Structure formats: C-alpha cells, structure tokens
Amino acid sequence: MYRFFPSYSDYRKLIYHLKGCQGLRSKGSSPFTSGLALSPGWSAEIVSAAKVCGAASESPSVKSLRLLVADQDFSFKAGQWVDFFIPGVSVVGGFSICSSPRLLEQERMIELAVKYTNHPPALWVHNTCTLDSEVAVRVGGEFFFDPQPADASRNLVLIAGGVGINPLLSILRHAADLLRERANKRSGYEIGTIKLFYSAKNTSELLFKKNILDLVNEFPEKIACSLHVTKQTTQIGAELKPYITEGRITEKEIRDHISKETLFYICGPPPMTDFFSKQLENHHVSKEHICFEKWW
C-alpha cells in the first residue's frame, strides 16, 4: 500500500496538532493535510501518536510490532488497517491490524505484522524500528466484522493467503472474544461457527500458528482451521500435521461451507481474492455476504 506524506516537518506539525486538538480531519479542515494523498475507502478522521513497545519475528520474512496508542479517541473494528506515518519516511505505510479490538480497549495496544519488502515503510520496520520508536497511525478500511448484540447469528468462513492472514486473525480473535463474552455473561452477540482456511508457501510462513491452534483448542465446537502449504520441502511437525493440507485451498472446500447464514471474508493476493469471490458469486452467495481485501 503506497501513500505519500510531504515531509518530516509536516509529520511533526501533524503530531503537534494532534496533541493540541486530539485529532486531524482528513478532508480540508486542517492546513497540515494539504499535499497528503488520502487512503482510498473509508478512513477515520483521527491521527494518533503511537509508540513501539514490542517486536518479534513471526517468520523469516515477517516482523510483528506491538504499538501503544494512548489516545482514547483511537479505535478500530476487527479487520481494518492503519495508515502508518514514520518520521523521516516520505511514503506512508498501510498495514492491517492483527489484534482484537479488545486488546486496545484493555491495554491500549494494537499489533501489526509486516512482510519484508523494498517498500520504504516495510524497510523501516525491519531495519530501523526500535523499542520506543514514535510513529502515528490512522484507521481506515471497509473490510471488518463488527456485529451488534441484536444482530442475527452468522457463521464465518475466513480465507487467507500469506500475510493476508493479518485482518482475518483480527476477526478470528474478535470472534473468540465474543464467544468468551457469551459464555461468561450469557449476553452479547451469538456467533455461529468459524472456519479458517489459510495458505502459505510452507509452515515457516504460516504466521501465528500457535495463536490459531490455541483458539481451535479453546473452542473446538466453534472454531476450526485448515492450513495449506504449497511449497513445503521439510517434514511437518507432529503438532501441526493434523491441520495441514499440502496444496492450494480448493473451490470444493469453500463450497462445502456455503449457507444463507455464512459470511465469507477473503484476504490475499488479488488472483486469489478474485477467484474465490467469483466462485462464491457463481454459487449464488449474496454479494453482501462476500467481503474481500486485495493487496494493492
């Protein structure tokens, strides 16, 4: 995702304005937005300061960040992304949030996972970012799952390719939070079943494996996963083997989950999202029940 921000001095102005006004309108109301290429799709008006408070390698090519966002006006829905403003970097990053909204509510934290590329924001994350690095974030995107307590119960099918797991992991974690709330309080949204299909080159590139399997084991009657690898060259570990299929996610696997009560969320390379969204439409799934996020 490529977005352009004028300069470091304008970034500092943005943070200064943020501290004074607790936000920044994205359309014409602030002199500091002139020259800023706004993100396509829905975008929040609030730009919030954030501090890096954790980092880890999720795979040979993906690094995760944990950010503290103290601004109480900052919020997001499961599945959304952030514009990622970096001091001294003229290009604005666009990274999907992989944590649950509840983590933000409870700890004021969000988590991102960034794949290594030559794109300047990704290079900064992998080569320059340190603990206590300061950035700014703004939420955007129309790809999200945000049911209200009185909404009709729905099943979820989540279809991920590569680093496209990020927004779907946020949705999966949010679904787990809803299940816990329902079990503990006997109230809140009543979600149906959740099935995750996730494909990557090999098991080392299957991000967040432990987190996913922990949720499957916590809610065995509600959450299931099918993990696919397309170019595996090493032996698959015993703990993963029951969940692994060698080869791509197939149309038949997805077709078996079609029902009027099911919502489909797809995120991955454009050919993958195009293929599955088209196949679902061909099988008469309502367009309102098909949500996809393309890499661009």
Side-chain angles (χ1 to χ4, degrees), residues 1-5 11 37 39-41 43-44 47-69 74 76 78-101 103-104 107-141 143-144 158 160-173 198-212 267-270 272-273 293-296:
M1 295 183 179
Y2 307 103
R3 305 174 180 87
F4 297 93
F5 197 69
Y11 170 88
S39 306
S43 184
V47 178
S48 301
K51 180 181 288 190
V52 176
C53 58
S57 293
E58 298 296 336
S59 81
S61 64
V62 176
K63 182 177 181 179
S64 64
L65 295 183
R66 178 170 273 217
L67 304 177
L68 174 65
V69 188
F74 178 89
F76 75 97
Q80 289 186 306
W81 42 257
V82 291
D83 283 329
F84 192 79
F85 302 92
I86 306 165
V89 178
S90 61
V91 182
V92 178
F95 305 129
S96 292
I97 302 169
C98 57
S99 51
S100 166
L103 180 66
L104 179 66
E107 302 182 31
R108 302 308 306 167
M109 300 282 186
I110 63 170
E111 295 176 350
L112 311 175
V114 180
K115 188 176 180 66
Y116 181 88
T117 69
N118 288 325
H119 188 43
L123 284 176
W124 181 87
V125 168
H126 281 264
N127 298 334
T128 306
C129 174
T130 62
L131 291 181
D132 295 328
S133 288
E134 294 184 353
V135 296
V137 290
R138 177 181 59 196
V139 171
F143 179 89
F144 57 79
L158 313 177
V163 77
I165 187 62
N166 286 342
L168 300 185
L169 181 64
S170 177
I171 291 173
L172 183 65
R173 285 169 160 170
Y198 178 20
S199 177
K201 182 172 65 174
N202 53 51
T203 53
S204 67
E205 293 292 345
L206 284 169
L207 308 178
F208 306 109
K209 297 181 287 291
K210 183 179 186 305
N211 302 98
I212 293 167
C267 187
M272 174 186 172
T273 58
E293 182 95 306
K294 289 185 180 180
W295 301 348
W296 50 274

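From a predicted model like this one, the values you see are computed outputs, not experimental measurements. Computation of the quantities below employed the complete heavy-atom set of this structure, encompassing side-chain atoms and omitting hydrogens, waters and symmetry-equivalent molecules.
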Check: Passes side chain to side chain contact (heavy atoms under 4.5 Å, CB included), V114 versus W124? Steps please.
Finding: CA-CA 10 Å; V114 180; W124 181 87; over 6 Å; no
Notebook entry, point to check: Hey, mind stepping through L112 and F84 against side chain to side chain contact (heavy atoms under 4.5 Å, CB included) and telling me if it holds?
Noted result: CA-CA 10 Å; L112 311 175; F84 192 79; 3.8 Å; yes
Checklist line | Check: V125 main-chain N/O paired with K63 side-chain donor or acceptor under 3.5 Å | finding: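 Pair found, side chain donor or acceptor close to backbone of V125.
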Compare every heavy atom of [Y] with every heavy atom of [X], then report the nearest pair and how far apart it is.
{"X": "C98", "Y": "F208", "answer": "SG-CZ, 3.8 Å"}
{"X": "V91", "Y": "P121", "answer": "O-CG, 3.5 Å"}
{"X": "L206", "Y": "S199", "answer": "CD2-C, 4.4 Å"}
{"X": "L67", "Y": "V52", "answer": "CD2-CG2, 3.5 Å"}
{"X": "C267", "Y": "G164", "answer": "CB-O, 3.4 Å"}
{"X": "A122", "Y": "T117", "answer": "CB-OG1, 3.5 Å"}

So, taking the atom named [atom1] in [X] and the one named [atom2] in [Y], what distance separates them when rounded to the nearest 0.5 Å?
{"X": "E293", "Y": "N166", "atom1": "CD", "atom2": "CG", "value": "11.0 Å"}
{"X": "N127", "Y": "Y116", "atom1": "CG", "atom2": "OH", "value": "5.5 Å"}
{"X": "L207", "Y": "I165", "atom1": "CG", "atom2": "CD1", "value": "7.5 Å"}
{"X": "L103", "Y": "I110", "atom1": "CG", "atom2": "CD1", "value": "9.5 Å"}
{"X": "L68", "Y": "D132", "atom1": "CG", "atom2": "CG", "value": "10.0 Å"}

Notebook entry, point to check: Considering residues at least two apart in sequence or located in another chain, which fulfil the salt bridge (charged side-chain N to carboxylate O under 4.0 Å, His left out) criterion with R66?
Noted result: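 Only E107, E111 meet the salt bridge (charged side-chain N to carboxylate O under 4.0 Å, His left out) criterion with R66.
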Check: Hey, mind stepping through F74 and V82 against side chain to side chain contact (heavy atoms under 4.5 Å, CB included) and telling me if it holds?
Finding: CA-CA 11 Å; F74 178 89; V82 291; 4.2 Å; yes
Going by the rule side chain to side chain donor-acceptor pair (under 3.5 Å), which residues pair with [X] if we only count those two or more places apart in sequence or in a different chain?
{"X": "T273", "answer": "none"}
{"X": "E58", "answer": "S64"}
{"X": "S204", "answer": "N202"}
{"X": "S99", "answer": "none"}

Next item on the list: Answer whether the closest heavy-atom distance between the side chains of E134 and P87 falls below 4.5 Å.
Entry: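 SC-SC contact between E134 and P87 ruled out.
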Margin query: Taking the side chain as everything from C-beta on, heavy atoms only, tell me whether I171 gets closer than 4.5 Å to F143.
Written below: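 Yes - at least one pair of side-chain heavy atoms lies under 4.5 Å apart.
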Notebook entry, point to check: Listed by chain and number, what are the ring-ring contact (aromatic ring centres under 6.0 Å, His included) partners of F76, not counting sequence neighbours?
Noted result: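 For F76, no residue satisfies ring-ring contact (aromatic ring centres under 6.0 Å, His included) once neighbours in sequence are set aside.
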